[in-house]
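To start, the structure itself, in structure tokens.
Ligands are counted one by one from 1 in listed order, and the atoms in each one are counted from 1 as well.
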Amino acid sequence: MKIAIMGAGAVGCYYGALLALGGHEVTLIGRPQHVEAMNRDGLRLERAGESVFVPVQASTEAEGALDAELVLVCVKSADTEEAGRALRPVLGADALVLSLQNGVDNAERLQAALGRGVIPVVVYVGTDMAGAGHVRHHGGGRLVLGGHLALAKLFTRAGIPTEISSNVQGALWSKVILNCAYNAISAIAQMPYGRFADFPGAERVLRDVVDECLTVASRLGVTVPGDMHEVVSQLAVLMPEQRSSTAQDLARGRPTEIDYLNGYVVRQGEALSIPVPVNRTLHMLVKMLEKKN
Ligand code: KPL
């Protein structure tokens, strides 16, 4: 299948590599530095101590998605509308568009910018970019999506464990709660998840973040599946070497997605008059560090 991936960051490159290894014709659309490297050498995937160069196409332009049957949008949350506007004139009538992004409302925002339906996909993967066109995997990789059995099969066949959920909104909240718990702390401390547990008080802070988020979600009528305290403590076991995408963005002097993570929960909490002091503090500290950069 012809697949285009908008956003050649760590998430886009990781899934792009697996889909290309699974026999699909993959085009990654991203920044010139990554595009040049991928067109020259292929996309380098490092995982489980092995490194492979995967042949892919790469482009800096949305036109790279021409004729694509499937489009995975993996851009940062702040770039969702721009990606939608760029893709709109390019996509064929039958192209399926998926949002694989952090945050709760990207699929809706993308849908509005594109003028067509978008399937939200929840992504659980620990990755980073080790260099131009070079992605490293640190754990996880599971996707959760609503409905689409054929898509779930396509991903699973490419070695991407995929679950179907009848409660995608709950699944999106479950993921944003993980992000609220880990992203800011990992960014402020520039620390991998496996080291959180050593710090006295960290467990309590994580618990408070989760409780605040769950209160907001529940007042919005969202049922978050599973025991979120357990899910949060398991992430450090699943991805001990991972630093959050927020930590990676800050380290590179880039804007973070924090307004769509803890910042989103703070805005919802304010609108509902629910106190969210821990999320507010984490959000503010990351904004301060962003300004300092
Ligand atoms: O989504 C992530 C992120 O860093 O943004 C997790 C799953 C927390 C992995 O780092």
Side-chain angles (χ1 to χ4, degrees), residues 5 7-15 18 46-47 72-80 98-107 120-130 135-145 160-163 165 168 170-197 202 205-206 209-210 213 224-226 228-252 254-265 279 282-283 286 289-290:
I5 301 190
V11 168
C13 284
Y14 177 70
Y15 289 107
L18 293 195
E46 208 180 309
R47 63 171 176 167
L72 312 188
V73 175
C74 303
V75 300
K76 295 285 180 190
S77 297
D79 300 329
T80 295
L98 275 57
S99 154
L100 280 76
Q101 300 169 274
N102 275 338
V104 170
D105 63 355
N106 279 296
V121 182
V122 188
V123 182
Y124 293 95
V125 72
T127 46
D128 66 5
M129 292 305 281
V135 63
R136 248 181 338 205
H137 177 249
H138 297 291
R142 184 167 65 94
L143 300 179
V144 180
L145 57 104
I160 303 167
T162 305
E163 284 163 34
S165 168
V168 176
L172 286 165
W173 265 91
S174 166
K175 171 67 194 300
V176 91
I177 294 174
L178 266 187
N179 289 129
C180 287
Y182 280 91
N183 284 45
I185 299 175
S186 172
I188 295 162
Q190 284 297 322
M191 203 175 267
Y193 304 160
R195 290 187 54 204
F196 281 30
V205 173
L206 295 185
V209 174
V210 173
C213 293
V224 181
M228 272 319 294
H229 293 287
E230 184 55 25
V231 173
V232 164
S233 73
Q234 278 308 308
L235 191 74
V237 179
L238 190 67
M239 309 177 184
E241 301 302 325
Q242 175 71 7
R243 284 166 205 262
S244 68
S245 54
T246 310
Q248 297 171 40
D249 289 336
L250 268 190
R252 292 201 173 97
R254 297 240 176 91
T256 74
E257 293 185 299
I258 208 69
D259 287 342
Y260 301 88
L261 310 177
N262 306 82
Y264 180 81
V265 172
N279 277 284
L282 292 174
H283 176 243
V286 173
L289 290 170
E290 255 183 17

Test item: E290 side-chain N/O and T256 main-chain N/O as donor-acceptor pair under 3.5 Å = yes
Would you mind telling me which of V125, L98, L100 makes a side-chain contact (heavy atoms from CB on, under 4.5 Å) with L143?
-> L100
State whether a side-chain donor-acceptor pair under 3.5 Å links T246 with N183.
-> yes
Indicate yes or no for a side-chain donor-acceptor contact from Q242 to the backbone of T127 under 3.5 Å, with no hydrogens or angles considered.
-> yes
Residue, atom and distance of the protein heavy atom nearest atom 2 (C) of ligand 1 read N179 ND2, 3.3 Å
When you measure from atom 8 (C) of ligand 1 to every protein heavy atom, which one gives the shortest distance, and what is it?
-> Y193 OH, 3.4 Å
Ligand 1 contacted by T127 (non-hydrogen, < 4.0 Å) | no
Quick one: does ligand 1 sit under 4.0 Å from the side chain of T246, the backbone, both or neither, non-hydrogen atoms only?
-> neither
Under 3.5 Å, N or O to N or O, is Y124 touching ligand 1 that way?
-> no
What is the closest protein heavy atom to atom 7 (C) of ligand 1, and at what distance does it sit?
-> K175 CE, 3.6 Å
Honestly, for N102 the part within reach of ligand 1 (heavy atoms, under 4.0 Å) is side chain
Any donor-acceptor N/O pair, K175 side chain to V123 backbone, under 3.5 Å = yes
Can you tell me the protein heavy atom closest to atom 4 (O) of ligand 1 and the distance?
-> S245 N, 2.8 Å
For A184 and L282, which heavy atoms make the closest approach, and how far apart are they?
-> CB-CB, 3.8 Å
Check each atom of ligand 1 against the heavy atoms of V125 and keep those under 4.0 Å away; list them by number with element.
-> 7 (C), 9 (C)
Could you label the plane-to-plane angle of the W173 and Y264 rings as parallel, tilted or perpendicular, counting under 30° as parallel and over 60° as perpendicular?
-> tilted
